[in-house]
There are 2 protein chains.
Amino acid sequence: MSRTRNRNFPWWHQQFVDNGYRITEPRQAILKVLNKTAGHLSVEDIYHQVHKRYSNIGLTTVYRTVGLLENMGIVRKLDFGDGRARYELSKGPQAIHHHHLICKNCGKVIDYKEYLDNELKFVNKVEGLLEKKYNFKIDSHQLSFYGLCEKCK
Amino acid sequence: MSRTRNRNFPWWHQQFVDNGYRITEPRQAILKVLNKTAGHLSVEDIYHQVHKRYSNIGLTTVYRTVGLLENMGIVRKLDFGDGRARYELSKGPQAIHHHHLICKNCGKVIDYKEYLDNELKFVNKVEGLLEKKYNFKIDSHQLSFYGLCEKCK
DNA sequence: TTGCTTATTGAAAATGATTCCCATTTCCAA
DNA sequence: TTGGAAATGGGAATCATTTTCAATAAGCAA
Ligand SMILES: [Mn+2]
Ligand SMILES: [Mn+2]
Ligand SMILES: [Zn+2]
Ligand SMILES: [Zn+2]
């Protein structure tokens with residue numbers, strides 16, 4: 001057995017290194033929560049989860065980390081109109097491309113993955129068009145449908 | 001000339017009446033601003049505009065009215081990540097169905113209207129599917145593309 | 001028109017999410 | 001191992017939005 005350190009780094013490790021960001025305990029803990037917990041987590045949600053194991057990690061750090069992850073494209077910031085930002089993974093093995101169906105009355109949110117192929121075709125066309133016409137470099141999109149859920153309609 | 005009152009009500013008038021909402025000066029002033037001013041207005045933007053003519057109308061009223069209009073489907077609430085809500089007409093002669101292209105760096109927002117027919121076809125399909133599968137009543141959608149603008153890329 | 005009922009309003013205070021500050025700690029390249 | 005920059009955490013500060021409540025004014029009935 002060599003004393004070689006475990007090279008089985010998490011999927012996001014290299015991206016941190018490439019950006020010159022340090023791999024700290026708070027960051028690892030937060031990423032772990034994001035990987036393990038499904039759904040649309042608020043900063044407080046994450047904070048509470050993280051707090052179970054690391055009661056020393058501060059709320060401010062969660063805010064900062066989540067912001068960092070957003071800039072890195074690892075996480076996506078969502079606004080469902082409940083007054084607080086929510087986050088979900090946009091990279092990594094857990095992340096599945098999807099969009100949202102939102103109830104305007106009770107705020108229920110459904111992740112849906114239907115029509116991915118059609119969407120891909122459609123979205124690619126629009127992206128190409130927009131990139132050319134407006135000289136943008138597009139790297140993501142978001143599609144949301146709004147209405148009333150089963151219970152609320 | 002008859003003394004008959006002008007029946008040339010603004011397009012949103014009937015919707016107010018139908019809902020039992022009163023047609024007040026603040027509400028008229030705010031609607032007028034929304035109709036006249038293009039773009040994505042923050043509550044403060046609206047407040048400042050309105051204030052030019054009606055310096056007595058309060059900020060709170062703008063918040064309330066804009067919320068009312070959102071519930072009525074007259075206005076759409078947008079989040080471009082700058083920490084304040086923004087609004088645009090979603091009904092009336094000024095409203096043109098469109099989506100947004102957003103620069104993640106400088107926050108520039110472009111309204112685009114391309115590919116409307118393709119989109120309509122695609123969106124209708126998805127809507128139908130989602131309504132059936134999740135038993136929702138869908139009444140609107142939002143599509144946004146994110147990237148870097150000409151200057152920022 | 002006049003009065004009445006009650007929705008609406010405005011000012012000020014409260015709230016609450018997010019950011020800022022800064023002294024202290026931690027990562028990690030050399 | 002160590003110096004220095006990056007990161008942290010806790011409390012204060014911000015600032016958009018909401019709440020409160022007394023005053024006002026739409027709109028309906030008479
Ligand atoms: Mn989701
Ligand atoms: Mn727009
Ligand atoms: Zn609902
Ligand atoms: Zn830009």
Side-chain angles (χ1 to χ4, degrees), chain A residues 5-7 9-10 12-31 33 40-48 50-51 53-72 75 77-87 107, chain B residues 3 5 7 9-10 12-31 33 40-48 50-51 53-72 75 77-87 107:
Chain A
R5 203 185 305 138
N6 176 23
R7 300 223 171 288
F9 293 125
W12 44 264
H13 183 107
Q14 194 53 47
Q15 207 178 337
F16 268 70
V17 173
D18 290 346
N19 284 290
Y21 297 142
R22 295 181 179 175
I23 316 273
T24 68
E25 188 170 72
R27 286 172 178 176
Q28 291 176 300
I30 291 166
L31 259 317
V33 165
H40 309 112
L41 289 72
S42 69
V43 170
E44 273 216 320
D45 291 339
I46 300 171
Y47 174 70
H48 286 316
V50 161
H51 210 262
R53 275 200 188 287
Y54 307 90
S55 63
N56 52 308
I57 295 180
L59 182 59
T60 305
T61 295
V62 181
Y63 271 104
R64 274 187 298 232
T65 300
V66 128
L68 188 76
L69 295 176
E70 192 197 355
N71 290 335
M72 295 172 76
V75 127
K77 187 180 191 176
L78 303 170
D79 171 35
F80 294 135
D82 65 342
R84 69 201 61 201
R86 295 186 170 276
Y87 296 85
Chain B
R3 309 213 292 77
R5 204 185 304 140
R7 300 224 171 289
F9 293 126
W12 44 263
H13 184 107
Q14 194 53 49
Q15 207 178 336
F16 268 71
V17 174
D18 291 344
N19 284 289
Y21 297 142
R22 294 179 181 176
I23 315 269
T24 67
E25 189 169 72
R27 286 172 178 176
Q28 299 184 58
I30 291 166
L31 259 317
V33 165
H40 309 112
L41 289 71
S42 69
V43 170
E44 273 217 320
D45 291 339
I46 299 171
Y47 174 69
H48 286 317
V50 161
H51 210 262
R53 274 198 188 290
Y54 306 89
S55 62
N56 52 307
I57 296 180
L59 181 60
T60 305
T61 296
V62 180
Y63 271 104
R64 276 188 297 234
T65 301
V66 128
L68 188 77
L69 296 176
E70 192 196 355
N71 290 335
M72 295 173 76
V75 128
K77 188 180 191 176
L78 303 170
D79 171 35
F80 294 136
D82 65 343
R84 70 202 61 203
R86 295 186 170 275
Y87 296 86

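Order of the sequence lines sets the chain letters (A, B, ...), proteins ahead of strands, with each chain counted from 1. Fair warning: this is a prediction, and the values are worked out from it, not measured in the lab.
- Side-chain contact between L69(B) and F16(B) is present, with at least one heavy-atom pair separated by less than 4.5 Å.
- Protein atom CG of D79(B) is 16 Å distant from nucleotide atom P of dA17(C), rounded to whole Å.
- We find that OH of Y63(A) is positioned 16 Å from P of dT8(D), with the value rounded to whole Å.
- Residue pairs meeting the side chain to side chain donor-acceptor pair (under 3.5 Å) criterion with at least one member in residues 20-31 of chain A: none, sequence neighbours excluded.
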Protein-nucleic acid N or O pairs under 3.5 Å, nucleotides 28-30 of chain C:
residue, atom, partner, partner atom, Å
dC28(C), OP1, I23(A), N, 2.8

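- Atom-to-atom, CZ of R84(B) to C1' of dT18(D) comes out at 17 Å; the value is rounded to the nearest Å.
- Atom pair F9(B):CZ and dA26(D):P shows a separation of 15 Å (rounding to whole Å applied).
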For this session: Evaluate the criterion side-chain contact (heavy atoms from CB on, under 4.5 Å) for residue pair N19(B) and L68(B); output intermediate values, then yes/no.
Result: CA-CA 11 Å; N19(B) 284 289; L68(B) 188 77; over 6 Å; no
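- If you take CG of L68(A) and C1' of dA7(D), they are 10 Å apart, rounded to a whole angstrom.
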Anything under 3.5 Å between a protein N or O and an N or O of nucleotides 11-14 of chain D, put it in a table, one pair a line.
residue, atom, partner, partner atom, Å
dG11(D), O6, T60(A), OG1, 3.2

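- Atom pair N19(B):CG and dT8(C):P shows a separation of 10 Å (rounding to whole Å applied).
- For the atom pair CG of N71(A) and NZ of K77(A), the computed distance is 9.5 Å after rounding to the nearest 0.5 Å.
- You'll find the side chain of I23(A) reaches within 4.5 Å of the side chain of W12(A), heavy atoms only.
- The two residues I57(A) and A29(A) have their closest heavy-atom pair at CD1-CB, 4.0 Å.
- Counting only heavy atoms from C-beta outward, the side chains of T65(A) and I46(A) never approach each other to under 4.5 Å.
- N56(B) has its CG atom 11 Å from the P atom of dT9(C), to the nearest Å.
- In this structure, E70(A) CD and L78(A) CG are separated by 9.5 Å, a value rounded to the nearest 0.5 Å.
- Comparing E44(A) and R64(A) by the nucleotide of DNA chain C that holds the closest heavy atom to each, the one mapping nearer the 5' end is E44(A).
- Separating the OH atom of Y87(A) from the P atom of dA17(C) is a distance of 13 Å, rounded to the nearest angstrom.
- Closest-nucleotide positions on DNA chain D for S55(A) and A85(B) were compared, and the one nearer the 5' end corresponds to S55(A).
- The minimum heavy-atom distance linking R84(B) with E44(B) is given by the pair NH1-OE1, 4.4 Å.
- Contact annotation for R27(B): backbone-only contact, meaning every heavy-atom pair under 4.0 Å involves sugar-phosphate atoms and none involves a base.
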